[in-house]
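The basis for the numbers below is simple: all heavy atoms, side chains too, and nothing from hydrogens, waters or symmetry mates.
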Amino acid sequence: PHFLFNTLNSISSLVRFDPDQARDLIVKLSKILRRLLGKHDEFVQLREEIEFVDAYLDIEVVRFGRDKLRVYKHLDPETLDVVVPAMLLQPLVENSIKHGLSPKIDGGSITLRSHMQEGKLVVQVEDDGVGMSAPPAVAASTMSSGAGIGMANVAERIQVLYGDEGKMTVRSRDNQGTLVVLAIVM
């Protein structure tokens, strides 16, 4: 709900001074809502998952400003047709923005990477935000504000869907950012 309300407020502000960008955000928001409210495919191609994250990030870049939120992608083309669980990356990206970059006065960047390694799809979501002082599992279970719930849900889905053939690791250091690595056997 917060994302929706914040996005609608941003669109409302843009209507006055940049109607073209307001229309663009409405289209992106409608794509996001269509996917969330429409049929629930359990698996999608990584390409489709990245397109969904792109729409989400485009809206967040407008909300935060291009100078406060920078997005970089290094995606191996051979990974884009690999089938992954739907809504796998967006919670991780949202977590990076909400808990890693928002607290920083000067903002920061998110980098998405994908490659194949020894028969596994490896996807990384990295930010240069404030990092986490507690280990991610501890942070996920102790923070009442909802921090870490998205990460915990993704980790649980990977475990349920792939067992020992899937893994999520998190490396984080105070004031240096967080790196989440997903590895899934294909």
hydrophobic_cluster_shared for Leu4 and Val15, side chain cutoff 4.5 Å: yes
Here the pair of heavy atoms bringing Gly119 nearest to Met116 is C-CE, 4.5 Å
Quick one: does any side-chain atom of Thr79 pair with a main-chain N or O of His115 as donor and acceptor, under 3.5 Å? no
Which atom of Val130 lies closest to which atom of Pro103, heavy atoms considered: CG1-CB, 4.0 Å
Spacing of Ile50 atom CD1 and Leu57 atom CG [to the nearest 0.5 Å]: 9.0 Å
Contacts of Phe52 that satisfy ring-ring contact (aromatic ring centres under 6.0 Å, His included) - sequence neighbours left out: none
Contacts satisfying salt bridge (charged side-chain N to carboxylate O under 4.0 Å, His left out) that involve residues 71-90 (not counting sequence neighbours) are Arg47-Asp81, Asp54-Lys73
Side chains of Met151 and Leu92, heavy atoms from C-beta outward: is any pair under 4.5 Å? yes
Between Asp106 and Asp67, is the side-chain contact (heavy atoms from CB on, under 4.5 Å) condition met? List the steps. CA-CA 8 Å; Asp106 58 345; Asp67 57 329; over 6 Å; no
By the rule that ILVMFWY residues connect when side-chain heavy atoms come within less than 4.5 angstrom, directly or transitively, which residues belong alongside Val181? Val122, Leu179
If we only count heavy atoms from C-beta on, is the Gln124 to Thr111 side-chain gap below 4.5 Å? no
Close side-chain approach of Leu112 and Val93, heavy atoms under 4.5 Å: yes
Taking the side chain as every heavy atom from C-beta outward, state whether Thr178 and His99 have any pair of such atoms under 4.5 Å apart. no
Does Glu49 use its side chain to pair, donor to acceptor, with the backbone of Met87 at less than 3.5 Å? yes
Side chain proximity check, Lys167 to Lys120, heavy atoms < 4.5 angstrom: no
Between Ser109 and Val71, is there a donor-acceptor pair closer than 3.5 Å when you use the side chain of the first and the backbone of the second? no
d(Phe3 CZ, Arg63 CZ) to nearest 0.5 Å is 7.5 Å
Under a single-linkage definition using a 4.5 Å side-chain heavy-atom cutoff for Ile, Leu, Val, Met, Phe, Trp and Tyr, are Ile32 and Val27 assigned to the same hydrophobic cluster? no
So, do Thr7 and Val62 sit near enough that their side-chain heavy atoms are less than 4.5 Å apart? no
Taken to the nearest 0.5 Å, the spacing of Ile97 CD1 from Glu60 CD works out to 4.5 Å
Transitive ILVMFWY side-chain link Ile26 to Phe17, under 4.5 Å: yes
With the side chain counted from C-beta on, respond yes when Val125 and Ser96 share a heavy-atom pair under 4.5 Å apart, and no when they do not. yes
Value for CG (Leu14) from CG (Asp20), rounded to nearest 0.5 Å, stands at 10.5 Å
How far apart are the closest heavy atoms of Ile184 and Pro85, and which atoms are they? CD1-CD, 4.4 Å
Return the orientation label for the Phe43 and Tyr162 ring planes: parallel under 30°, perpendicular over 60°, tilted otherwise. perpendicular
Which heavy atom of Leu88 sits nearest a heavy atom of Val154, and at what distance? O-CG2, 3.5 Å
Would you give the length of the straight line joining atom CZ of Arg34 to atom CG of Leu29, rounded to the nearest 0.5 angstrom? 10.5 Å
For residues Val84 and Leu182, determine if any side-chain heavy atom of one lies less than 4.5 Å from a side-chain heavy atom of the other. no
Could you measure the distance from the CE atom of Met168 to the CD atom of Glu156? Nearest 0.5 Å is fine. 11.0 Å
Can you give me the closest heavy-atom contact between Ala22 and Ile11, atom names plus distance? CB-O, 4.0 Å
